[in-house]
Amino acid sequence: MYETIKLKESLTNYTIIFNRPEKLNALSEQMIEELHATLLHVKEKNPKVLLLKGEGTSFCTGHDVNSSISFANEEDAMNKLEKLQEITSIITNYPAPVVAALHGYALGAGFEIALNCDLLYASDQAIFGFPELEVGLSITQGTSYFLPRAIGLIKSKEFIFFSEKITAQKAKELSLINEVFNDDHLLESVNKKIDILSKKSLSALNEVKQLLNNGMNASLDHSLKHEITTLSKLLS
């Protein structure tokens with residue numbers, strides 16, 4: 001359907017593939033537009049588990065600093081940034097689990113997109129990091145929300161301030177990813193996880209996903225009431 005993003009559908013899931021392998025799937029302006037459009041397209045289809053992965057040797061190395069992404073004026077810059085933030089909103093509100101299969105490098109915006117997902121599985125050769133400050137840029141796509149909730153505020157500051165790169169095993173120890181698999185068996189292992197999810201009620205999975213997401217900021221009283229509302233909906 002597009003040049004830099006591929007979409008595949010199977011009985012169990014949709015797969016969105018970042019398709020700039022010659023650039024380690026670095027995000028160009030075209031790629032951002034095509035990813036946004038593909039996510040909107042999938043969102044309108046019958047819900048299935050959604051898998052994000054990268055073609056070639058890496059998941060995504062963040063923004064392509066050599067691409068034609070232009071911030072010629074404030075309005076143009078805001079439109080592009082809003083598109084990135086909308087990608088996060090679509091992924092987090094997608095009505096089924098979103099799974100990331102991470103190999104090679106997952107850096108900057110690539111890692112940020114991964115953190116938007118519900119489940120993150122990585123190759124034992126994967127490398128993660130936020131190099132934005134090395135080029136005078138800042139984090140986006142909800143990283144200021146997701147990262148401190150995963151590893152704490154102090155560790156988040158250290159991770160980003162020093163543009164630290166970490167291994168998959170270290171990312172797992174920090175609870176940034178769910179599981180680490182042998183590089184040769186990553187997709188096979190992730191597909192087994194997806195097969196298990198696909199046998200469950202997707203409506204129930206979605207309701208629980210939203211319960212957990214909303215519960216991060218809710219009071220206990222609100223969570224208790226929300227749980228009753230959700231269960232009543234599923235029983236009706």
**Prompt:** Quick one: side chain to side chain donor-acceptor pair (under 3.5 Å) partners of Thr88, sequence neighbours excluded?
**Reply:** Asn116
**Message:** For Lys155, give me all partners under side chain to side chain donor-acceptor pair (under 3.5 Å), at least two apart in sequence or on another chain.
**Reply:** Glu158
Between [Y] and [X], is there a side-chain heavy-atom distance shorter than 4.5 Å?
X      : Y      : answer
Glu173 : Lys170 : yes
Val42  : Tyr94  : yes
Arg20  : Asp64  : yes
Val208 : Thr230 : no
Leu147 : Ile139 : no
Thr12  : Val49  : no
Leu39  : Leu50  : yes
Phe159 : Leu176 : yes

Any donor-acceptor pair under 3.5 Å linking the side chain of [X] with the backbone of [Y]?
X      : Y      : result
Asn25  : Glu55  : yes
Asn206 : Leu202 : no
His103 : Ala126 : no
Lys48  : Ser10  : yes
Gln85  : Gln141 : yes

Should [X] and [Y] be counted in the same cluster of Ile, Leu, Val, Met, Phe, Trp and Tyr side chains packed under 4.5 Å apart?
X      : Y      : answer
Phe162 : Ile151 : yes
Ile194 : Leu119 : yes
Ile127 : Leu102 : no
Phe130 : Ile113 : yes
Leu7   : Ile91  : yes

**Item:** Inter- and intrachain pairs under salt bridge (charged side-chain N to carboxylate O under 4.0 Å, His left out), touching residues 112-138, at least two apart
**Value:** Asp118-Lys209
**Complete:** Residue pairs passing the salt bridge (charged side-chain N to carboxylate O under 4.0 Å, His left out) test with at least one member in residues 187-197, sequence neighbours excluded, are Glu179-Lys193, Glu188-Lys192
**Message:** Checking Lys8 now: which residues fulfil side-chain contact (heavy atoms from CB on, under 4.5 Å) with it, not counting sequence neighbours?
**Reply:** Thr15, Ile17
**Fill in**
Residue set satisfying ring-ring contact (aromatic ring centres under 6.0 Å, His included) with Phe146, at least two apart, ordered chain then number -> none
Value rounded to 0.5 Å, distance of [atom1] in [X] from [atom2] in [Y]:
X      : Y      : atom1 : atom2 : value
Ser89  : Leu84  : OG    : CG    : 11.5 Å
Ser198 : Asn13  : OG    : CG    : 8.0 Å
Tyr2   : Leu35  : OH    : CG    : 10.5 Å
Thr61  : His63  : OG1   : NE2   : 10.5 Å
His41  : Ile16  : NE2   : CD1   : 9.5 Å
His226 : Ile228 : NE2   : CD1   : 11.5 Å

Write down the atom of [X], the atom of [Y], and the distance for their closest heavy-atom approach.
X      : Y      : answer
Phe128 : Ala168 : CE1-CA, 3.6 Å
Ala106 : Phe59  : CB-CD2, 4.2 Å
Pro97  : Leu205 : CG-CD1, 4.0 Å
Tyr145 : Asn213 : OH-O, 4.1 Å
Leu51  : Ala100 : CD1-C, 4.5 Å
Pro47  : Pro95  : CB-O, 3.9 Å

**Asked** Would Gln125 and Leu186 count as a side chain to side chain contact (heavy atoms under 4.5 Å, CB included) if you check the C-alpha gap in whole Å, the side-chain angles of each, and the deciding distance to 0.1 Å?
**Response** CA-CA 10 Å; Gln125 302 299 309; Leu186 174 63; over 6 Å; no
**Request:** Answer yes if the side chains of Thr4 and Gln30 hold a donor-acceptor pair under 3.5 Å, and no otherwise.
**Result:** no
Residue [X] excluded, over 12 heavy atoms near [atom1] under 6.0 Å:
X     : atom1 : result
Leu11 : CG    : no
Glu3  : CD    : no
Asn46 : CG    : no

**Asked** Which is it for Leu40 and Glu86 under the side chain to side chain contact (heavy atoms under 4.5 Å, CB included) test, yes or no, and what are the steps along the way?
**Response** CA-CA 10 Å; Leu40 286 177; Glu86 286 172 17; 6.0 Å; no
